[in-house]
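Note sheet for the following structure.
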Amino acid sequence: MKKPRTAVRTCRRKQASSQEGREKQVLSSSPVKPSTPDGEELRLSQGLARRQKEVVLRASVSPYHLFRDTAEVTVFRENLLSWYDREKRDLPWRRRVSRQGAGTEGWHQPPSTLTPCPGLHWQAEGEVDPDRRAYAVWVSEVMLQQTQVATVIDYYTRWMQKWPTLQDLASASLEEVNQLWAGLGYYSRGRWLQEGAQKATGVVDGNVVRVLCRVRAIGADPGSTFVSQQLWSLAQQLVDPARPGDFNQAAMELGATVCTPQHPRCSQCPVQSMCRAHQRVEREQLLASQSLPSSPDVEECAPSTGQCQLCAPPTEPWNQTLGVANFPRKASRRPPREECSAICVLEQLRALGGARILLVQRPKSGLLAGLWEFPSVTAEPSGRCPREALLQELQSWAGPLPATHLQHLGQVVHTFSHIKLTYQVYGLALEGQTPVTITPPGTRWLTREEFHTAAVSTAMKKVFRVYEGQRLGTCKRSKTSQVSTPSTRRKLSPGQQVLDSFFRPHIPTDASSLKSMAQ
């Protein structure tokens, strides 16, 4: 989207009006054949409506939320990067590194090489290609979206050991990327990295969104398409072309350590003087000290077309106790929708080469795209599990199976970002049957060791733990006598212990009770 120019409001309204008129004229003068299909006419009509809406939205953004000139942008860059050079945390992707050997061998950080280059990038020892460091920064930025630093470090280290350069990642398969990413969550991020290896991409993560919303007092929902586009436009305008990697990390660092969600440390902020949210706090405090009624800054008001699309809605007034944390405003989050699935761990205990488990691949798009999972079918939320449908699903992948061996083992509840999914876990172990050798496209028979290193989600690992626990319990029971003694009986859950004590006859052990029973 083209960035709106800084100008007085009357001029902006005239420009928007003339631009809208020109777009209407161009579209209305476009030759349309009388024989154009109805679908094509509808597409052109929708395109016109969309462009008109974009023009109106651009005209309804106050310059209060924008950076007005290059001088302001330059000061912002300088202040932020100077602070970053002094205060940045010691993280793997910010260290000098030396390469061991050639090819794709490991990386290490010798303590003697961890010395900063003031005002410059951290450069790999003996590395003449600055793109390698930019690539490392990019990987770290994507991993840090929605994920804490402590979790990212191990994944980042393994990633850089496997794909130390952009070219290495470009030649990797999506399956390999998913396999390494397994457990980190938000799996589309790994796919974005793999796809972006052929093209440069910028990043705006949650920390950057919070910084930009406060610096420019953007109170509208940052999750909306229009506000998101404006934030990307601001980030692109601000990024330092000489140090793009450091600038992006500096913006993320500022949000992570200073401009935090709940308790921001404004006194330590390098861009405090340019922060609209901080200016609003000072103005509100001044009005409160003078016992004057609060009134909105005239620049916060939208042009005559209506409410500014970047301001907070009128239904969400300024909260004095929040201060700068009024920005960004959190949209009311819908609770995750609840779904239920019947899923089965199908294992061949006597397969060639050892026991093997059946996995099928998910579709290439949507939730957990491209990852591997156990065969499953949709179940009713009421908990009724379609055994027949599940068995048919299993047989579609593995051929005829004994229905009597399909056992319900328990359930697993796993919450994704927007879905609470309950898995009704089944198990089917093939012991005496002839090993299944068919492997239709999209299926795999893996050993237990291979399963634990495959591209599977955390939810599938939970499901497999339920299956393993049941199998281990069955094996233990089969090796013991039918009548178990207290020393050999399995440890019961608290609830089962209560039930057992209720049905078991009480035998007193104290002398007085025994005497009364004898009488």
**T165 side chain to D168 side chain, donor-acceptor N/O pair below 3.5 angstrom** = yes
**Item:** R68 side-chain N/O to Y64 backbone N/O, donor-acceptor pair under 3.5 Å
**Value:** no
**Prompt:** Has R158 got its NZ or CZ under 6.0 Å from the middle of the six-membered ring of Y155, at an angle within 45 degrees of the ring axis?
**Reply:** yes
**Asked** Checking N326 side chain against G323 main chain: does a donor-acceptor pair fall under 3.5 Å?
**Response** yes
**Fill in**
So OG1 of T378 and CG of L390: to nearest 0.5 Å the spacing works out to 11.0 Å
**Message:** Donor-acceptor check, side chain of E253 to backbone of R89, threshold 3.5 angstrom: yes or no?
**Reply:** yes
**Request:** Please report the C-alpha distance between T257 and R265 in whole Å, then the side-chain angles of each, then the deciding distance to 0.1 Å, and finally whether the side chain to side chain contact (heavy atoms under 4.5 Å, CB included) criterion is met.
**Result:** CA-CA 8 Å; T257 63; R265 298 182 292 168; 4.2 Å; yes
**Item:** Q272 side chain to C266 backbone, donor-acceptor under 3.5 Å
**Value:** yes
**Prompt:** Any side-chain heavy-atom pair from Q285 and Q320 closer than 4.5 angstrom?
**Reply:** yes
**Asked** Would you say the side-chain atoms of S228 pair up with the backbone N or O of S224, donor to acceptor, closer than 3.5 Å?
**Response** no
**Derivation and outcome, side chain to side chain contact (heavy atoms under 4.5 Å, CB included), residues R243 and L81** = CA-CA 9 Å; R243 301 177 61 185; L81 285 170; 4.1 Å; yes
**Message:** With side chain to side chain contact (heavy atoms under 4.5 Å, CB included) as the criterion, how do D221 and F226 come out once you've worked through the C-alpha distance, each side chain's angles and the decisive distance to 0.1 Å?
**Reply:** CA-CA 9 Å; D221 178 14; F226 176 74; over 6 Å; no
**Item:** Residue E282 excluded, over 12 heavy atoms near CD under 6.0 Å
**Value:** yes
**Message:** Between the side chains of E450 and R356, is the shortest nitrogen-to-carboxylate-oxygen separation below 4.0 Å, so that they form an ion pair?
**Reply:** yes
**Which residues share a ring-ring contact (aromatic ring centres under 6.0 Å, His included) with W445, sequence neighbours left out** = none
**Nearest non-hydrogen partners of L193 and L169, listed with the distance** = O-CD2, 3.5 Å
**Prompt:** Is there a side-chain contact between I357 and T447, using heavy atoms and a 4.5 Å cut-off?
**Reply:** no
**Asked** So which pairs with a foot in residues 452-462 pass side-chain hydrogen bond (donor to acceptor under 3.5 Å, both in side chains), sequence neighbours left out?
**Response** H414-K462
**Prompt:** Is there side-chain contact between M252 and S140, with at least one heavy-atom pair below 4.5 Å?
**Reply:** no
**Request:** Mind checking side-chain contact (heavy atoms from CB on, under 4.5 Å) for Q411 and listing every partner two or more places apart, or none if nothing turns up?
**Result:** V413, T422, Q424
**Asked** If you round to the nearest 0.5 Å, how far is OG of S233 from CZ of F67?
**Response** 11.0 Å
**Asked** Salt bridge or not for E339 and K420, using N-O below 4.0 Å?
**Response** no
**Asked** When rounded to the nearest 0.5 angstrom, what distance separates CZ in R191 from CG in N178?
**Response** 8.0 Å
**Asked** Taking all atoms of both residues into account, what is the closest heavy-atom pair of R77 and L238, and its distance?
**Response** NE-O, 2.7 Å
**Message:** Is any side-chain heavy atom of Q230 closer than 4.5 Å to one of L310?
**Reply:** yes
**Prompt:** Heavy atoms, side chains only, cut-off 4.5 Å: are L254 and Q249 in contact?
**Reply:** no
**S173: partners by side-chain contact (heavy atoms from CB on, under 4.5 Å), with sequence neighbours left out** = E175, E176
**Prompt:** Between P222 and V227, which heavy-atom pair has the shortest distance, and what is it?
**Reply:** CA-CG1, 3.6 Å
**Asked** Minimum heavy-atom separation for R189 to M143, with atom names?
**Response** NH1-O, 2.9 Å
**Asked** Does any non-hydrogen side-chain atom of V139 lie less than 4.5 Å from one of W163?
**Response** no
**Request:** State, yes or no, whether a side-chain contact exists between Y426 and Y467 at a heavy-atom distance under 4.5 Å.
**Result:** no
Cut-off 3.5 Å, no hydrogens considered: what does the side-chain donor-acceptor table look like for residues 205-216, sequence neighbours left out?
{"residue": "D205", "atom": "OD1", "partner": "N207", "partner atom": "N", "Å": "3.2"}
{"residue": "D205", "atom": "OD1", "partner": "V208", "partner atom": "N", "Å": "3.0"}
{"residue": "N207", "atom": "OD1", "partner": "R210", "partner atom": "NH2", "Å": "2.5"}
{"residue": "R210", "atom": "NE", "partner": "C259", "partner atom": "O", "Å": "2.7"}
{"residue": "R210", "atom": "NH2", "partner": "G255", "partner atom": "O", "Å": "2.7"}
{"residue": "R214", "atom": "NE", "partner": "V324", "partner atom": "O", "Å": "3.4"}
{"residue": "R214", "atom": "NE", "partner": "F327", "partner atom": "O", "Å": "2.7"}
{"residue": "R214", "atom": "NH1", "partner": "C259", "partner atom": "O", "Å": "3.4"}
{"residue": "R214", "atom": "NH1", "partner": "T260", "partner atom": "O", "Å": "2.8"}
{"residue": "R214", "atom": "NH2", "partner": "T260", "partner atom": "O", "Å": "3.2"}
{"residue": "R214", "atom": "NH2", "partner": "P261", "partner atom": "O", "Å": "3.1"}
{"residue": "R216", "atom": "NH1", "partner": "L66", "partner atom": "O", "Å": "2.9"}
{"residue": "R216", "atom": "NH2", "partner": "M274", "partner atom": "O", "Å": "2.7"}

**Asked** Would you call the rings of F464 and F374 parallel, tilted or perpendicular, where under 30° means parallel and over 60° means perpendicular?
**Response** parallel
**Asked** Heavy-atom distance under 4.5 Å between the side chains of P328 and I218, does that happen here?
**Response** no
**Expected output: side-chain W181 to main-chain G185 donor-acceptor under 3.5 Å** = yes
**Message:** For P336 versus T415, what's the shortest heavy-atom pair and its separation?
**Reply:** CG-CG2, 4.3 Å
**By side-chain contact (heavy atoms from CB on, under 4.5 Å) - contacts of T443 (at least two apart)** = L358, V360, W397, T439, P440
**Message:** When you measure from the centre of the six-membered ring of W372, is the NZ or CZ of R362 closer than 6.0 Å and no more than 45° off the axis?
**Reply:** no
**Request:** Write down the atom of R337, the atom of I419, and the distance for their closest heavy-atom approach.
**Result:** NH2-CD1, 3.2 Å
**Request:** Output the distance between atom CG (L394) and atom SG (C344), rounded to the nearest 0.5 Å.
**Result:** 4.5 Å
**Request:** Show your reasoning for whether side chain to side chain contact (heavy atoms under 4.5 Å, CB included) applies to H65 and C308.
**Result:** CA-CA 10 Å; H65 302 291; C308 173; 3.5 Å; yes
**Prompt:** Got a second to check how far W83's CH2 is from L80's CG, nearest 0.5 Å?
**Reply:** 6.5 Å
**Message:** I need the L231 CG to Q236 CD distance, nearest 0.5 Å.
**Reply:** 13.5 Å
